[in-house]
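Report on the following structure.
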Amino acid sequence: MIDQRHYLDFERPVADLEARIEELSDPLATDDLEAPAVEMKALRQAAQEIRARIYRRLDPWQKTQVARHPDRPHFSQYVAGLIEDFVELRGDRKFADDQAIIGGLGRFRGQGVVVMGHEKGDDTASRVEHNFGMARPEGYRKSVRLMDLAEQFGLPVLSFVDTAGAYPGLDAEERGQSEAIARSTERGLTLRTPFIATITGEGGSGGAIALAAANKVLILEHSIYSVISPEGCASILWRDSARAKDAAEAMKITAQDLLKLKVVDRIVPEPVGGAHSDPAATVKAVGDAIEEELKALTLLSSDQLVEQRAARFYAIGRAGSGAI
Amino acid sequence: MIDQRHYLDFERPVADLEARIEELSDPLATDDLEAPAVEMKALRQAAQEIRARIYRRLDPWQKTQVARHPDRPHFSQYVAGLIEDFVELRGDRKFADDQAIIGGLGRFRGQGVVVMGHEKGDDTASRVEHNFGMARPEGYRKSVRLMDLAEQFGLPVLSFVDTAGAYPGLDAEERGQSEAIARSTERGLTLRTPFIATITGEGGSGGAIALAAANKVLILEHSIYSVISPEGCASILWRDSARAKDAAEAMKITAQDLLKLKVVDRIVPEPVGGAHSDPAATVKAVGDAIEEELKALTLLSSDQLVEQRAARFYAIGRAGSGAI
Amino acid sequence: MAEQDPKRKLSWLAKIAPGVRKMVSRHTGFAGNLWLKDPNTGEMVYQPDLEQALWVTPSGSHMRIGPAQRFAYTFDEGLHERLPAPESPDDPLKFTDDKPYRERLTAARKATGANDAVAIATGRIGGTQTVVLVQNFAFMGGSLGTAAGEGFIAAAEAAVARRAPLVVFTAAGGARMQEGALSLMQMARTTLAIQTLKKAHLPYIVVLTDPTTGGVTASYAMLGDIHLAEPGALIGFAGRRVIEQTIRQTLPPGFQRSEFLLEKGMIDKVVHRKDLPAVLASILGVLTAGRATAA
Amino acid sequence: MAEQDPKRKLSWLAKIAPGVRKMVSRHTGFAGNLWLKDPNTGEMVYQPDLEQALWVTPSGSHMRIGPAQRFAYTFDEGLHERLPAPESPDDPLKFTDDKPYRERLTAARKATGANDAVAIATGRIGGTQTVVLVQNFAFMGGSLGTAAGEGFIAAAEAAVARRAPLVVFTAAGGARMQEGALSLMQMARTTLAIQTLKKAHLPYIVVLTDPTTGGVTASYAMLGDIHLAEPGALIGFAGRRVIEQTIRQTLPPGFQRSEFLLEKGMIDKVVHRKDLPAVLASILGVLTAGRATAA
Ligand SMILES: [Zn+2]
Ligand SMILES: [Zn+2]
């Protein structure tokens with residue numbers, strides 16, 4: 001992973017340093033075996049410090065880039081790391097199986113669960129297969145089916161949100177993209193079992209909330225959640241998508257802003273350098289946070305779960321709710 | 001209607017007589033105004049008697065032809081004759097609106113109801129529009145939606161069954177014809193409001209039962225209800241679809257046989273000469289029968305309705321249920 | 001299929017006429033140009049004629065109308081009582097693009113005389129006591145912010161309190177970007193409000209009008225027990241340009257219009273504006289006469 | 001995506017081996033030809049090898065198997081107890097085509113040693129006490145008559161009584177024409193039986209095997225909480241010939257096969273016969289561990 005890593009623009013200082021480290025670690029490039037060892041240690045430490053400094057003060061647009069980083073752990077990695085006995089369940093029972101949203105049954109730390117989430121894919125072939133995580137109506141109808149199943153068998157639902165948005169295609173419109181999103185949101189809100197959503201990358205618009213109408217909404221430190229992409233917002237408000245940075249700032253899309261607005265309930269810290277710099281640690285941290293939240297929700301009755309969820313969403317942005 | 005009527009093969013004696021009557025009623029063909037009047041009366045009486053005699057002893061294959069008669073009243077005529085304030089409701093909210101099944105809201109003799117049924121169409125254009133009453137998955141998903149609506153608002157469901165069967169097309173298979181039929185049958189069986197189905201023409205296979213999993217199943221005197229068409233059965237069992245007459249007899253598809261088997265609960269008599277000879281009287285007779293049955297069902301609670309429906313179907317063909 | 005008794009139609013016209021007449025007389029005081037362009041044909045139409053025709057042009061184009069007209073056209077004899085929308089925080093994000101959001105709000109309020117994009121009223125439709133919510137496209141494109149979300153919730157609460165159906169006339173470009181994720185949250189919040197109607201077995205009817213797109217379509221606009229639409233209304237999730245960029249194809253004519261959605265199974269009936277009160281009356285009459293009780 | 005722990009898979013193979021071995025030894029007493037044709041490739045396969053391979057040919061063709069093999073392969077260590085199907089009237093219509101139905105029934109009973117097309121057993125799958133129903137294609141094409149319908153109802157009742165899941169292996173050409181409308185009624189009767197499982201929150205899992213068509217597909221085969229299918233199974237409502245006559249086109253390759261239905265969203269997973277017990281075990285383990293209670 002690290003050796004093939006994609007550097008983001010603002011990671012340039014780290015990239016330069018790490019290039020130098022690589023140069024020095026090439027045994028053909030030097031005959032002095034002592035000096036580099038000392039230098040390397042210092043360089044590595046410097047790189048780590050610079051990275052930490054950069055990541056401590058990412059601006060919203062930089063966070064957007066981190067949230068979209070191709071090496072950021074995807075749904076499949078969360079399943080591999082957190083779910084035992086996973087059995088993928090496919091299809092909407094109406095038209096197709098949409099691999100932009102994957103879901104199934106399994107055990108999360110011993111507890112039977114339904115899991116589902118957007119999958120962006122990891123290489124060209126799988127990105128195409130998963131349509132870059134942009135679901136069609138069939139994806140949202142599958143999520144409704146999975147939530148029905150969860151309710152029927154009393155299983156908690158864990159969702160992982162990572163999408164630029166629902167697929168804006170002709171065919172998706174024809175088959176009722178709006179209706180499918182609306183029904184998926186509705187199903188989440190009416191679910192009589194615990195439901196925890198984690199925004200692991202991009203939480204893009206209706207396509208995201210359709211899997212995030214949950215009792216608890218967690219978010220990774222550098223993830224974003226937004227009503228429209230910064231580029232989309234900029235192109236509407238400034239008629240210039242290049243002003244995405246301004247839009248990202250104005251719209252308050254970062255985990256930190258969203259926690260203040262009570263749109264999310266909990267931030268899961270990322271490793272220094274972002275989730276992509278240590279996927280395994282990220283997956284574990286997400287798992288630990290989910291486990292804690294799930295434990296608390298398991299104490300509630302089905303009625304209480306539905307009430308808690310309603311109260312949670314009603315409180316957002318409400319005058320006197322103390323959120324703003 | 002009568003003047004453009006289609007005669008069935010076995011109506012030949014009536015056709016001949018009525019042709020003669022028409023000849024005599026042409027003022028240019030005769031100059032004697034007294035004799036024909038007398039003759040006409042006798043001829044008309046004779047025609048009516050022969051028709052009555054023929055219709056009293058229709059064999060199953062003849063009944064099949066009557067059940068399929070193009071002038072037989074269709075769903076739209078039952079709606080026009082029985083439902084006030086009808087508002088058609090369209091669409092499955094997933095893919096399309098299927099006009100092979102029509103449905104909506106209205107008032108039946110003062111009572112708010114959901115009505116739905118197969119529509120075969122009356123002329124070439126409308127037959128194509130309604131796909132000859134052969135529904136695709138969208139039709140059965142619309143019926144599920146209509147039954148959901150009926151339950152949500154406590155409205156009885158009246159269905160009118162008249163189909164050769166579900167549409168056996170490539171696209172229908174692709175979009176889950178089987179699943180759609182199964183769900184529609186299931187929705188009928190679980191409905192918490194009164195549900196009365198009337199087989200008004202052909203009750204063809206799964207495509208029919210999907211709208212007939214009702215508390216009471218009525219059938220018109222010369223209608224049929226069958227697991228497969230006589231032609232289909234003959235081509236499988238005898239490898240000769242021309243033996244449809246034998247298949248029609250062997251399969252016990254007539255209203256009279258089905259009442260004995262308890263597959264249907266009540267036969268609605270047709271006018272002499274069949275429903276197509278007097279559509280208005282037929283529609284009224286069906287309405288009267290439905291009204292009576294509905295009155296009785298309205299006394300049952302929702303639980304009782306579900307239980308009565310289950311008991312009804314469980315009893316069919318069961319050893320010791322007294323049906324056979 | 002005979003869906004409307006012609007006598008009924010006549011009596012309905014007679015009924016709503018007073019309301020319409022009131023609207024007409026109120027508007028003819030208007031000082032501006034009395035001739036308007038038909039958006040379909042470019043033909044000039046005399047405004048008093050247009051008002052008499054409920055703002056439907058001779059070519060059948062259903063022009064956008066605001067809450068005042070909608071209430072007048074919808075309720076029996078136009079009679080209704082306005083219900084207040086609750087207070088909600090203005091500009092929660094302190095949002096600014098070229099102009100501060102707060103200034104845009106102030107301008108929209110001045111132009112429309114309303115606090116935000118939704119208006120609520122109650123009255124009778126075909127005799128059935130009903131709560132009606134109207135989205136006003138003239139107020140910042142009808143967009144769904146916290147105020148509109150709170151309005152929707154209030155309308156649902158009013159309906160439940162009165163054991164009355166809720167009819168919503170949608171019209172919106174989508175979410176209100178200036179409220180960021182708070183705008184997105186209205187998709188969930190309005191959906192919750194709808195559940196209170198369902199639980200009480202009260203009808204929730206959506207009438208989609210031009211245009212209804214984005215997050216509004218992907219939430220309460222598609223969750224009705226019954227969906228009606230005015231002819232030719234633009235209804236969809238994604239915008240035309242975004243779709244064309246995605247699929248690199250131009251879109252077929254009629255795409256995302258009411259008639260298209262009818263064919264695609266998303267809408268029950270496309271209804272001419274003049275027939276809406278009668279159709280609503282029939283639907284509400286039947287749905288409220290059933291024996292359903294709260295679960 | 002790692003779906004199966006390889007260690008688990010191994011332990012499963014070890015587990016079912018005894019059952020398989022029993023089957024093999026029972027069948028090798030068979031006096032006929034020990035070489036069979038692979039229906040895919042035409043290649044000759046040695047029957048004892050085929051039995052060892054659970055009747056899956058080297059080319060991957062999943063050959064039709066009867067209840068005895070299915071029970072042996074599915075239950076932990078092949079251990080199970082057969083449950084009786086209730087009595088039902090033979091030949092209710094006194095049906096005759098070239099041969100009386102009663103004679104056909106007698107012949108099928110002689111050939112299969114069973115009373116009709118369904119067999120029921122109970123045992124453990126991955127430790128979960130489960131009721132399993134198997135349709136036997138060898139008995140009059142697995143067709144759904146009153147006896148099979150009563151068998152399905154009995155299996156559902158047995159599952160409810162034991163608070164156990166029901167797993168159904170479907171295989172049928174469709175309805176049993178010789179029972180006319182009584183056969184059609186089984187679509188509703190089996191659907192009713194499924195409702196008793198739903199009400200008790202007991203899993204109902206369908207495993208579609210070759211072939212599953214007609215009224216069986218259009219009822220209980222498509223009402224599972226989860227649908228699995230063996231590879232390459234023919235699954236559909238209408239028959240190939242009927243469809244081709246209707247649309248006047250030849251059907252695309254793979255049409256109505258398991259993999260096609262997976263793509264079309266009707267099936268959750270296509271599972272090789274050897275993996276079925278492990279997949280069922282995972283599913284049943286999770287579904288029976290939830291906190292659901294009877295409604
Ligand atoms: Zn991935
Ligand atoms: Zn007709």
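Order of the sequence lines fixes the chain letters, A, B, ..., with proteins taken first and strands second; residue numbering starts at 1 for each chain. Quick note: numbers below take in every heavy atom, side chains included, and nothing from hydrogens, waters or symmetry partners.
- Looking at C/Ala221, neither its backbone nor its side chain comes within 4.5 Å of chain A, counting heavy atoms on both sides.
- In this structure, A/Glu173 contributes its side chain and C/Gln256 its backbone to no donor-acceptor pair below 3.5 Å.
- For a residue to count as touching a neighbouring chain, one of its non-hydrogen atoms must lie under 4.5 Å from one of that chain's; by this rule A/Arg243 touches chain C with the side chain only.
- Both the backbone and the side chain of C/Met177 come within contact range of chain A, each with at least one heavy atom under 4.5 Å from a heavy atom of that chain.
- Proximity to chain C is absent for every atom of A/Ile253, based on heavy atoms less than 4.5 angstrom apart.
- Between chain C and the options A/Ala182, A/Ala212, A/Ser178, the largest number of non-hydrogen pairs under 4.5 Å is found for A/Ser178.
- Contact annotation for C/Gln195: only side-chain heavy atoms (C-beta onward) come within less than 4.5 Å of a heavy atom of chain A.
- If you measure heavy-atom distances from C/Thr146 to chain A, the contacts under 4.5 Å come from the side chain alone.
- Here the closest heavy-atom approach between residue A/Tyr314 and residue C/Arg189 is recorded as O-NH2, 2.6 Å.
- For C/Leu223, the parts lying near chain A are the backbone and the side chain together; criterion is any non-hydrogen pair under 4.5 Å.
- Salt-bridge check for C/Lys264 with A/Glu179: failed, with every basic side-chain N at 4.0 Å or more from each acidic carboxylate O.
- In this structure, chain A has a heavy atom under 4.5 Å from the side chain of C/Gln178, while its backbone stays farther away.
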